Q: 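Handing you a structure now.
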Protein chains: 2
Amino acid sequence: MFDCLMHHNSFVRLEAQLKPFADHISPLTITDSEQIGRPWGETATDGLIAYGNADVWFSPASRAFARTLYTAPKLVWFQSSAAGLENPFLQKVGEKAEHYTSSHVQSDAIAEWVLWAAFDWFGNGAQRRDAQARKEWERVHFREISATRWLIFGFGHIGEAVGRRIKGLGGHVTGVRRTGHVSPFADHMLHPDHVSPDDIALADAVLLCAPHTPQTESMADAGFFAAMKEGSLFMNVGRGALVDEGALLAALDRGRPAHAALDVTREEPLSSDSPIWTHPNVTLTAHTSALTSESRARNDELFLENLGNFANGNPLRNRVRREAFEAQMV
Amino acid sequence: MFDCLMHHNSFVRLEAQLKPFADHISPLTITDSEQIGRPWGETATDGLIAYGNADVWFSPASRAFARTLYTAPKLVWFQSSAAGLENPFLQKVGEKAEHYTSSHVQSDAIAEWVLWAAFDWFGNGAQRRDAQARKEWERVHFREISATRWLIFGFGHIGEAVGRRIKGLGGHVTGVRRTGHVSPFADHMLHPDHVSPDDIALADAVLLCAPHTPQTESMADAGFFAAMKEGSLFMNVGRGALVDEGALLAALDRGRPAHAALDVTREEPLSSDSPIWTHPNVTLTAHTSALTSESRARNDELFLENLGNFANGNPLRNRVRREAFEAQMV
């Protein structure tokens, strides 16, 4: 019998589906106001398992949740709703938990965020809205995604989810990944060490969805941006630390890239005095590219599937080896 | 030898590709300032052929272009860059020309406009931009296209181009067309006479891309909108006359549909005192959903292909029978 920690809202949503595991788990819930609950009353003693999803990470109780994990005598299994491992909190959890499982189900939501940003840039959304605001029946031209070339750094779950959509829309996709393995969702695959300025210069859209490692730290720097094409779009859904933000703003002032769409920044939340907020050629969202109800439902499914595996002694899906945390930067 | 009328810009762009037809055509060009040119100098006598593309329709010289067609002693062939036939000018040309050919190559551009509008609505683009303007690191949720159901009225080239993309993104597509023929780009097909309020109520996105005929005049009326789902998106890329615009604005005030994205209106250009411009739940563009350079290139290709057919006495592609014009409303 294990304590099973999760946000109160997750418990309410999943209670019926948790019932079959009543012999294995004792739910331990936390509300936004840090109220701890034991809705099924029992006390468990074999250790703690926990579900760390958006309900808790976006809650005012996220620190209390983390504290409970850090101070647990025995953290047996942690199910994350994130793919990334390099956040200092997840790092600590990964080092402590006997079993750590990640999630890649946000990929579809994130890919839709990317398409939103790309359609609005290539579709001249800002100019269209401006014409409407001025009540001008204006001839706004636009570019089709069908005619764009993409360069996608990091061709894991997110990169593939984007590549699949762009190819489906008729665009051309070059992926970049360390394994170098070809993918049905890219026309062409490069190894990160072999990406040349010419490869960057060909792309109408450059997307970063790589993890943050010593190799990717500030990979998008002044030289990178200088290679970008006029009129091109730069996007980052990976980590803020992949980008030299000063170099990006200077590059945007020179028009190469012409626009940046960012869902992540080095500092999060971004302080209100950052020039990123107000740069006319930046679209910024608050690390929310995975924030869909579809994504939440897919994470719940994954958690329940792994809970079944856990209860039955089967291998957990998306298990992360402890060494993976040691390879990350803090 | 035929006079071949087109915009000066089209001629400049296509001159090299027109050269092989120098024995068949004598280019007759018109500039935005209505200057008539004969760049190859010769005079032709067997009649007039003409290329009516966006270069002329969006030009200040569009009326002069039309006048030239109306007054030509013999209008042999007219290549349109539009699919629609019911515009009064095209109607006149269709009745006069010996051969009239239409174009469906805008479908891909229009489908991209539809995706732009849909991603921005379901992606909560307005709320994202508003949060950025207020410098608020805000948790903006959104909906995935992957989880939306679409109802598409008019499942010809445009409807299929949209349906293909939505299905590729994981959405569910119901098409509506008179032939009732199934399509690989719809999960389900309805005949227009059999669309019930329940069918409308199921859709997260309703798109009109039907032609304007007596049957489709004001098809989207108060009853139609009353059937729509809360939170749904209404889009029109067909013709303004398909919509009872007063009923649409009243319906938007009641929140069903929640938003309308319109590329066409009854009056075009829309006069500045129309409440459509400023309704907070309307996205409006100026009948420009096909205005891409890719679309222009595809039309040029079609014109050149048909010019080859014309010169060689082969059947013209996309020929429109004269009776089709008589079936249209003026």
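Here is the naming used below: chain letters follow the sequence lines, and residue numbers restart at 1 for every chain. What's counted below: heavy atoms across the whole structure, side chains too, no hydrogens, waters or symmetry copies. Remember, it's a predicted structure, so these values are computed and weren't measured experimentally.
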Q: With a 4.5 Å cut-off on heavy-atom pairs, point out which of A:R164, A:R143, A:Q132 contacts chain B the most.
A: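 Highest number of pairs under 4.5 Å: A:Q132.
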
Q: Walk me through it: do A:D120 and B:R129 pass the test side-chain contact (heavy atoms from CB on, under 4.5 Å)?
A: CA-CA 12 Å; A:D120 203 56; B:R129 288 184 288 273; 4.0 Å; yes

Q: For the atom pair CD (A:E294) and CD1 (B:I145), what is the distance rounded to the nearest 0.5 Å?
A: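 A:E294 atom CD to B:I145 atom CD1 measures 10.0 Å (nearest 0.5 Å).
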
Q: Assess whether atom CZ of A:R139 is packed by more than 12 heavy atoms of other residues, nucleotides or ligands within 6.0 Å.
A: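 Above 12, so yes.
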
Q: Could you have a look at A:S293, A:G168, A:S146 and say which one has the most heavy-atom pairs with chain B under 4.5 angstrom?
A: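 Answer, by heavy-atom pair count under 4.5 Å with chain B: A:S146.
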
Q: Would B:K135 and A:T278 count as a side-chain contact (heavy atoms from CB on, under 4.5 Å) if you check the C-alpha gap in whole Å, the side-chain angles of each, and the deciding distance to 0.1 Å?
A: CA-CA 8 Å; B:K135 301 186 178 183; A:T278 49; 3.6 Å; yes

Q: Out of A:A118, A:A109, A:A54, which one racks up the most heavy-atom pairs below 4.5 Å with chain B?
A: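 With the most close heavy-atom pairs to chain B, the winner is A:A109.
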
Q: When only pairs under 4.5 Å are counted, which of A:S274, A:S295, A:S272, A:A131 shares the most heavy-atom pairs with chain B?
A: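 Most heavy-atom pairs under 4.5 Å with chain B: A:S272.
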
Q: Could you walk me through whether B:H141 and A:F58 pass the side-chain contact (heavy atoms from CB on, under 4.5 Å) check?
A: CA-CA 12 Å; B:H141 283 82; A:F58 286 94; over 6 Å; no

Q: Test side-chain contact (heavy atoms from CB on, under 4.5 Å) on B:L169 and A:L115; report intermediate values, then the result.
A: CA-CA 10 Å; B:L169 292 165; A:L115 288 199; 3.6 Å; yes

Q: With rounding to the nearest 0.5 Å, note down the distance linking CZ in A:R128 to OG1 in B:T288.
A: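 It comes to 6.0 Å.
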
Q: Quick check for you: among B:W116, B:F119, B:W137, which has the greatest number of heavy-atom pairs under 4.5 Å with chain A?
A: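 Most pairs with chain A among the choices: B:W137.
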
Q: Relative to chain A, which segment of B:E268 carries a heavy atom at a distance below 4.5 Å: side chain, backbone, both, or neither?
A: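 It is both, since atoms from each part get that close.
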
Q: Would you give the length of the straight line joining atom CH2 of A:W113 to atom CD of B:E144, rounded to the nearest 0.5 angstrom?
A: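 If we round to the nearest 0.5 Å, A:W113:CH2 and B:E144:CD are 14.5 Å apart.
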
